[in-house]
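Please read all numbers here as calculations on a predicted model, not as lab measurements.
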Amino acid sequence: MTTINPDPEDLTARARIRDAAMRHFGEHGFDRSTIRGIAETAGVSSGLVRHHFGSKQALREACDEYLVRVLRRINERARSDATAGDVNYVALGRTTLGPYQPYLARALAEGGAGQLFDGLVEMGAQWLAEADKSRPDPPDVDARTRAAVVTAMALSVTVLHQHLSRAMGVDLSSPEGDQLLARTLIDLHSHPLLSLEDAAALRAGLDRIRTPPAG
């Protein structure tokens, strides 16, 4: 299994506080989590939590910043890896982010993790801009908007993890789940549901709806 080098910060008390916060936010939600409870889990004083982060909101922002850094490292590896077929990036992402899945799911459901969402949109827009260079038809929606929708769809796998596992008949947190999800995504992306002609006809229909006939 290919791994991502750990962040140097992960060896510090600050990292223990951050991980404890993600555990509490994931289990109890942001509003019900307390600085005192997070400090007890991290094995530090409440004063040290406030010294490092200042407030519970700033602590949540630090959690999101950390996950953005982790995802950027995975993204950079994927963009620079000439032998991407030798790496299952679904498995790599799960292994790296697996401990933080409850936090991600809870934060997204509560309307949080905005910094994380925006970071994923930015990375997705870069991929789409590259892919657009070889498209046979020019897109009529900008890369950032498309990346935002793709990001929402991708993150729904985290939020709907239990439902997906049940529907697919395999635990998505297992190696078998990694394989099945990766193969499913490859199949979906390599066999679009619409032909170029179908897409053009649907866009033309949307144009007619947007611009009703005069008179």
Side-chain angles (χ1 to χ4, degrees), residues 1-7 10 15 18-19 22-23 25-27 63-64 66-110 112-113 115-135 143 146-196 198-199:
M1 168 65 68
T2 303
T3 59
I4 294 293
N5 292 331
D7 192 314
D10 288 351
R18 180 203 66 217
D19 285 351
M22 281 195 270
R23 176 179 169 183
F25 294 154
E27 291 180 358
C63 292
D64 289 348
Y66 170 73
L67 293 181
V68 170
R69 290 200 302 272
V70 171
L71 289 168
R72 286 193 188 282
R73 292 202 296 273
I74 296 175
N75 184 63
E76 289 167 3
R77 168 69 190 278
R79 289 179 65 86
S80 63
D81 193 348
T83 58
D86 295 334
V87 179
N88 182 346
Y89 283 103
V90 169
L92 178 58
R94 179 186 64 81
T95 301
T96 307
L97 295 177
Y100 310 114
Q101 183 174 342
Y103 169 78
L104 274 172
R106 189 76 175 244
L108 291 166
E110 291 179 342
Q115 185 177 177
L116 175 68
F117 188 92
D118 292 347
L120 286 170
V121 171
E122 177 189 337
M123 288 180 261
Q126 293 172 355
W127 283 94
L128 288 172
E130 287 294 321
D132 286 348
K133 295 177 182 178
S134 58
R135 274 186 60 155
R146 286 177 285 143
V149 174
V150 170
T151 296
M153 294 170 66
L155 288 175
S156 69
V157 173
T158 296
V159 176
L160 301 174
H161 175 271
Q162 292 182 330
H163 294 296
L164 271 174
S165 294
R166 184 183 67 254
M168 294 170 66
V170 61
D171 183 357
L172 286 184
S173 64
S174 68
E176 294 77 15
D178 292 335
Q179 278 283 331
L180 183 56
L181 180 58
R183 290 181 180 278
T184 301
L185 291 170
I186 290 169
D187 188 83
L188 289 171
H189 287 294
S190 61
H191 295 80
L193 298 176
L194 297 175
S195 67
L196 294 180
D198 291 337

(request) State the CG-OG distance between Asp178 and Ser173, to the nearest 0.5 angstrom. (result) 8.5 Å

(request) Taking the side chain as every heavy atom from C-beta outward, state whether Glu110 and Phe25 have any pair of such atoms under 4.5 Å apart. (result) no

(message) Could you tell me if the side chain of Val121 sits less than 4.5 Å from the side chain of Gln126, heavy atoms only?
(response) no

(request) Quick one: pull up NE2 in His161 and OG in Ser156 and give me the separation to the nearest 0.5 Å. (result) 12.5 Å

(request) Enter the distance from Asp64:CG to Leu104:CG here, rounded to the nearest 0.5 Å. (result) 8.0 Å

(message) Could you tell me if the side chain of Glu27 sits less than 4.5 Å from the side chain of Pro102, heavy atoms only?
(response) no

(request) For the pair Val70 and Tyr100, evaluate side-chain contact (heavy atoms from CB on, under 4.5 Å) and give the outcome as yes or no after the intermediate values. (result) CA-CA 11 Å; Val70 171; Tyr100 310 114; 5.8 Å; no

(message) Are Trp127 and Asn75 packed together at the side-chain level, in the sense that at least one heavy-atom pair is separated by less than 4.5 angstrom?
(response) yes

Side-chain atoms of residues 179-188: list all donor-acceptor pairs with protein atoms under 3.5 Å, sequence neighbours left out, distances to 0.1 Å.
from   : atom 1 : to     : atom 2 : distance (Å)
Gln179 : OE1    : Arg183 : NE     : 3.4
Thr184 : OG1    : Leu180 : O      : 2.7

(message) Tell me the closest heavy-atom pair linking Ala125 and Ala143, and the distance in Å.
(response) O-CB, 4.0 Å

(request) Quick one: closest heavy-atom pair of Gly124 and Ala147, and the distance? (result) C-CB, 3.7 Å

(request) For Val170 and Ser174, work out which heavy atoms get closest and say how close. (result) CG2-OG, 3.9 Å

(request) Please identify each residue that fulfils ring pair (Phe, Tyr, Trp, His ring centres under 6.0 Å) with Tyr103, with sequence neighbours left out. (result) none

(request) Output, in order, the C-alpha distance, side-chain angles, deciding distance and verdict of side-chain contact (heavy atoms from CB on, under 4.5 Å) for Val68 and Leu120. (result) CA-CA 8 Å; Val68 170; Leu120 286 170; over 6 Å; no

(message) Quick test of your reading of the model: are Glu76 and Arg72 salt-bridged, counting only N-O distances below 4.0 Å?
(response) no

(message) Measuring only between side-chain heavy atoms, which start at C-beta, is Met123 closer than 4.5 Å to Leu71?
(response) yes

(message) Taking Ala105's backbone N and O only, do any of them form a donor-acceptor pair with Thr158's side chain (distance below 3.5 Å, no angle check)?
(response) no

(message) Please determine whether side-chain contact (heavy atoms from CB on, under 4.5 Å) holds for the pair Leu193 and Asp198, giving the CA-CA distance in whole Å, both sets of side-chain angles, and the decisive distance to 0.1 Å.
(response) CA-CA 9 Å; Leu193 298 176; Asp198 291 337; over 6 Å; no

(message) For Asp132, give me all partners under salt bridge (Lys or Arg N to Asp or Glu O under 4.0 Å), at least two apart in sequence or on another chain.
(response) Arg146

(request) Flag the pair Leu67 / Met22 as yes when at least one side-chain heavy-atom distance between them is below 4.5 Å, and no otherwise. (result) yes

(message) If you count every heavy atom of other residues, nucleotides or ligands that lies below 6.0 Å from Arg23 atom CZ, does the total exceed 12?
(response) no

(request) Measure the spacing between OG1 of Thr151 and CG of Asp118 and express it to the nearest 0.5 Å. (result) 9.0 Å

